[in-house]
There are 2 protein chains.
Amino acid sequence: MKADNRLSSVLHVLLHMIELDEPLTSDELSQMLTSHPVVVRRTLAGLRDAGLVRSEKGHGGGWVIDCDPAKVSLYDIHQALGSPALISIGHRNHNPACLVEATVNAALNQAIEDAEALLIARFKAISLADLGAGFHAGLSERVGHLTLEDMLKRHPAPSPKGTSDV
Amino acid sequence: MKADNRLSSVLHVLLHMIELDEPLTSDELSQMLTSHPVVVRRTLAGLRDAGLVRSEKGHGGGWVIDCDPAKVSLYDIHQALGSPALISIGHRNHNPACLVEATVNAALNQAIEDAEALLIARFKAISLADLGAGFHAGLSERVGHLTLEDMLKRHPAPSPKGTSDV
DNA sequence: TATCATGCAACATTTAAAGTTACATGAAAG
DNA sequence: CTTTCATGTAACTTTAAATGTTGCATGATA
């Protein structure tokens, strides 16, 4: 099963948007994520609808942060993405009349729901500002903001295929 | 993202195998699971290799339980299935040079690993016999040994620089 | 008005899982 | 010992969800 990296991707670009407070285009963001501009717009559309970012058209346009990073949690962002599934296992519910199946489902459900609750509790406890603080703590030798060139240097385009980075 | 129901399916048929101690054919099992006999064999192959079930060929053949249900946990079964992913979200790890990405990943990883640890702890705490007992009791009361509060206590949110446990 | 950017619908590609076919192996019944 | 039934497994097809892509409309700015 393939992991869903959207939350990770979105957090990544949000932090860059906070660092660099000029609009970032879908094209630039897609280079950071080794993805496609339309995919970026599709993904960020939910955040725009939730009022977390703003998108501006035309010359000098792009994506801008539009919230207080201290007041937005990872949970808010997860919700803005449409609350995708957090747990990858489920239960078959083909025959509710089968007591064996019902018993299995009850046991699995309890574990699954609690793991989900743990993740959600953690997500609620971490704000964008927290992540930004962690970032700056790790950046102690560097002073000031990163330039866009700095950033793109750290997000090179994939040379021939795959094994690139972001 | 589509949930993986193999653990649920396998538990279901294992309990039926325990109930009814005559061999069940892949064909019969596939009917229970609304699936295909070859898929059943594929899935149960791991359990056979792990010594949890036995398969017999020829007339009167099929699948038989081959373990002590009290000594086999859901974790053992999950492992026998090849330890499929439990958490459906991940992180992009394309560029370790990007400090922003590293920060995001650290935060997500901690939450993900702890949720995974919770699920595994639960799975270790539930045996096939527990499920069977729950089934015979008509309800699975015995199945939740740990409460969510217990687990959250063991997985505190790492606000300053938390290190996790378990 | 030319250009740059997003918005979005529609289609194509990718990928992992499930489903399916085909045939070999082995066990029991006749 | 031959037939029948069952698993073992490789190879192929189908399916479903996500990503990627194209094309065009809309709006903002120079």
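We name chains A, B, ... by the order of the sequence lines, and we start the count at 1 in each one.
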Taking CG from Leu29(A) and P from dA5(C), how many angstroms apart are they, rounded to a whole number? 12 Å

Looking at Ser35(B), I'd like to know whether one of its side-chain N or O atoms comes within less than 4.0 Å of OP1 or OP2 on dG19(C). yes

Can you get from Val64(A) to Leu47(A) by hopping between Ile, Leu, Val, Met, Phe, Trp and Tyr side chains that sit under 4.5 Å apart? no

Residue among Ser26(A), Ser30(A), Ser55(A) satisfying side-chain hydrogen bond (donor to acceptor under 3.5 Å, both in side chains) with Arg41(A): Ser26(A)

note: Ile89(A), atom CD1; dA17(C), atom C1'; distance rounded to Å ~ 16 Å

Nucleotides bounding contact with chain A, strand DNA chain D, heavy-atom threshold 4.0 Å: dT19(D) to dT29(D)

Quickly, which of Leu14(A), Leu52(A), Ile77(A) forms a side-chain contact (heavy atoms from CB on, under 4.5 Å) with Cys67(A)? Name it, please. Leu52(A)

Nearest-nucleotide comparison on DNA chain D, the residue closer to the 5′ end among Pro37(B) and Val39(A): Pro37(B)

Residues in salt bridge (charged side-chain N to carboxylate O under 4.0 Å, His left out) with Asp66(B), at least two apart? Arg54(B)

Any chance you could list the contact pattern along nucleotides 21-30 of chain C? Use B for base contacts, S for sugar-phosphate-only contacts and - for none, protein heavy atoms under 4.0 Å, 5' to 3'. B---BBBB--

Can you list, in residue-number order, the parts of residues 42-54 of chain A that come under 4.0 Å of DNA chain D, counting heavy atoms only? Arg42(A)

Do the side chains of Leu20(A) and Val104(B) join up, straight or via other hydrophobic residues, at under 4.5 Å, putting them in one cluster? yes

Are His78(A) and Leu119(A) close enough, and set up right, to give a side chain to side chain contact (heavy atoms under 4.5 Å, CB included), and what steps lead you there? CA-CA 11 Å; His78(A) 176 250; Leu119(A) 271 176; over 6 Å; no

With ring pair (Phe, Tyr, Trp, His ring centres under 6.0 Å) as the rule and sequence neighbours excluded, what pairs involving residues 9-46 of chain B come up? His12(B)-His16(B)

Whole angstrom is fine here: how far is it from CE in Met17(A) over to C1' in dT6(C)? 13 Å

Residues at least two apart in sequence or cross-chain that pass salt bridge (charged side-chain N to carboxylate O under 4.0 Å, His left out) with Asp76(A), listed by chain then number, are none

Check the phosphate of dG7(C) against Ser55(A), side-chain N and O only, distance under 4.0 Å to OP1 or OP2. Yes or no? yes

Does Val38(A) belong to the same Ile/Leu/Val/Met/Phe/Trp/Tyr cluster as Val10(A), with side-chain heavy atoms less than 4.5 Å apart forming each link? no

Can you measure Asp4(B) atom CG to dA18(C) atom C1' for me and round it to whole angstrom units? 11 Å

Could you see if Leu29(B) belongs to whatever hydrophobic cluster contains Val39(B)? Use Ile, Leu, Val, Met, Phe, Trp, Tyr and a side-chain cutoff under 4.5 Å. no

Compare all side-chain heavy atoms of Leu131(A) with those of Leu74(A) and state whether any distance is below 4.5 angstrom. yes

Between Gly62(A) and Met1(A), which is nearer to the 5' end of DNA chain C once each is assigned its nearest nucleotide? Gly62(A)

